[in-house]
Q: 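The structure is given below, and queries will be raised subsequently.
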Amino acid sequence: MKAILVIAVNTYREVVRDKILYGILVFALLLIGVSLVLGGLSFTEQARISANFGFSGMQLSASILAIFIGSTLVAREIEKQTILTLLARPLTRSQFLVGKFLGLGLVIATVMAGLALVVGALVASLGLKIGAPFFVALYGIGLEGLLLVAITLFFGSFSRPVMTVIFASSMFLIGHWIGELETLSRSKFVDETFRRVAPVVARLLPDLERFNWRSAPIYDVAIPASEIVNGTIYAFGWLVVVLTLTAIVFRRRDFV
C-alpha cells in the first residue's frame, strides 16, 4: 500500500506542474465567464444557464484531464525508461498502475473542488439554491472522470498517446450515446445488422449517462438515493473490470 501511495503522490505532483493543467483551468473559467454573458441575455434564466455552463465546464475539464494527461502517464515513464528503475524496486506493475490511477484521480478531484467553489459562489449570487442536488451532480462528474482515467490507462497500456486519446475520446462519446444507440436499434428504418449489433455494443461498453445528474441542481430536483447507489456500484464495477484488464495487458508488455 505504501508503494501505491508513493506513486500516487509523485503522479499528483508531476501533473500539477504540467502546463496543460493550467490551460484546462483557464478554459473552464472562460466557459463559466461565457455563461455569465449568455445568462445576462435572459434575466429569468440567468442562474440556470450559468449553472449549466458551470457544470459543463467541470465535466469537460475532468474529461480532458483524464484523457489527455492520462494518455501520457504510462507512455512518459516508458519513453524515459524510468519505469525500469521503478519496477526494479519492490513494486509490482499492478501497484504502479493503481498509483497512477489514484494520482490522476486526486488531481481531478482537486480541480473539481476549485471549480465547484467558483460555480457555487456564482450561482448562489444569482439566487440558485446550493443543496444536496449540487453535490450529487459533482459526485456524478467525479465518477465519470475516474472511469475515464481507468479507460485511458487501459488503452495507454498498449498503444501510443495519440491513439490512446482517439480511443478514449471515442469511448467518452459512445458512453454518452448508448441510450440513443438502443433507441435507434428499435427503429424500423435501420439496417438489420445495426439492429443486432447496437444492443450488444450498448451492453459491452460503460454507459456514462448513468452518472449524468447535472440537471438536478439546475431545476432543484432530488435524485433518488437508489439511483445514486446503483450508479456508484455500476461505476466501481466497471473500474474493477477495466483496471484488472489493464493490469493483465500491462504484465505482458516488454519495456526493453
Side-chain angles (χ1 to χ4, degrees), residues 24-42 44-68 105 107-151 168-169 171-183 202 205-236 238-239:
I24 294 169
L25 283 173
V26 170
F27 164 76
L29 292 174
L30 285 174
L31 192 61
I32 294 170
V34 169
S35 74
L36 283 174
V37 176
L38 294 179
L41 300 177
S42 174
T44 57
E45 297 292 328
Q46 184 175 15
R48 290 179 177 176
I49 291 174
S50 298
N52 188 31
F53 269 83
F55 280 110
S56 296
M58 282 189 278
Q59 184 205 20
L60 286 174
S61 298
S63 301
I64 292 171
L65 274 172
I67 294 172
F68 284 88
V107 172
I108 291 174
T110 303
V111 170
M112 283 187 57
L115 292 176
L117 288 175
V118 175
V119 174
L122 174 64
V123 297
S125 67
L126 295 173
L128 198 67
K129 181 181 177 182
I130 304 297
F134 182 88
F135 297 101
V136 169
L138 290 178
Y139 181 62
I141 296 173
L143 288 179
E144 180 181 311
L146 288 177
L147 189 48
L148 282 174
V149 172
I151 290 170
S169 299
M171 290 289 288
F172 170 77
L173 295 174
I174 294 171
H176 283 286
W177 293 342
I178 281 179
E180 284 73 11
L181 274 178
E182 291 185 315
T183 301
L205 299 180
D207 182 4
L208 300 181
E209 279 296 304
R210 295 191 65 161
F211 323 123
N212 186 1
W213 299 314
R214 297 192 303 275
S215 62
I218 297 174
Y219 298 101
D220 195 22
V221 177
I223 303 296
S226 59
E227 184 176 338
I228 299 172
V229 171
N230 289 336
T232 302
I233 295 172
Y234 182 82
F236 279 90
W238 268 107
L239 282 175

Q: What I'd like to find out is whether the side chain of Leu115 reaches to under 4.5 Å of the side chain of Val111, using heavy atoms alone.
A: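 Yes, their side chains come closer than 4.5 Å.
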Q: Please examine the side chains of Asn230 and Arg210, heavy atoms only from C-beta on, and report whether any two atoms are closer than 4.5 Å.
A: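 The answer is yes, as the side chains (C-beta and beyond) meet within the 4.5 Å cut-off.
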Q: Could you report the tightest heavy-atom contact between Ala150 and Leu239, atom names first, then the distance?
A: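 Taking every non-hydrogen atom into account, CB-CD2, 3.7 Å.
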Q: Do you know which two heavy atoms are closest between Ala66 and Gly145, and how far apart they sit?
A: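 The answer is CB-O, 3.8 Å.
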Q: Who are the side chain to side chain donor-acceptor pair (under 3.5 Å) partners of Glu227, not counting sequence neighbours?
A: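 Glu227: side chain to side chain donor-acceptor pair (under 3.5 Å) contacts with Trp213.
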Q: Could you tell me the separation between the CD atom of Gln59 and the CG atom of Leu208, rounded to the nearest 0.5 Å?
A: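 Those atoms lie 8.5 Å apart.
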Q: Set out, in order, the CA-CA distance, both residues' side-chain angles and the distance that settles side chain to side chain contact (heavy atoms under 4.5 Å, CB included) for Phe135 and Tyr139, then state yes or no.
A: CA-CA 6 Å; Phe135 297 101; Tyr139 181 62; over 6 Å; no
Q: Please tell me if the side chains of His176 and Glu144 come closer than 4.5 Å, counting only heavy atoms from C-beta onward.
A: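 The answer is yes; the side chains approach within 4.5 Å.
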Q: Taking side chain as C-beta onward, heavy atoms only, is Leu147 less than 4.5 Å from Pro206?
A: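 The answer is yes; the side chains approach within 4.5 Å.
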Q: Side chain to side chain contact (heavy atoms under 4.5 Å, CB included), that's the test. Do Phe211 and Thr232 meet it? Break it down for me.
A: CA-CA 8 Å; Phe211 323 123; Thr232 302; over 6 Å; no
Q: Distance from Asn52 atom CG to Ile218 atom CD1, nearest 0.5 Å?
A: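 Between Asn52 CG and Ile218 CD1, I get 4.0 Å after rounding to 0.5 Å.
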Q: I'd like to check Glu209 versus Ile178 (side-chain heavy atoms, cut-off strictly below 4.5 Å). Are they in contact?
A: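 Not touching, per the 4.5 Å side-chain cut-off.
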Q: How about Phe134 and Phe55: are their ring centres within less than 6.0 Å of each other?
A: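 Aromatic pair counts; centres sit under 6.0 Å.
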Q: How close do Ala124 and Ile130 get, heavy atom to heavy atom, and via which atoms?
A: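 Shortest heavy-atom contact: CB-CG1, 4.0 Å.
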Q: Between Ile223 and Pro133, is any pair of side-chain heavy atoms under 4.5 Å apart?
A: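 Ile223 vs Pro133: side chains apart.
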Q: Does some side-chain heavy atom of Ser61 sit less than 4.5 Å from a side-chain heavy atom of Met112?
A: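 Contact flag for Met112/Ser61 side chains = no.
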Q: Is any side-chain heavy atom of Ile151 closer than 4.5 Å to one of Phe172?
A: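 Counting from C-beta outward, Phe172 and Ile151 never come under 4.5 Å.
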Q: Nearest 0.5 angstrom please: Leu148 CG to Leu143 CG, how far?
A: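 Between atom CG of Leu148 and atom CG of Leu143 there are 11.0 Å.
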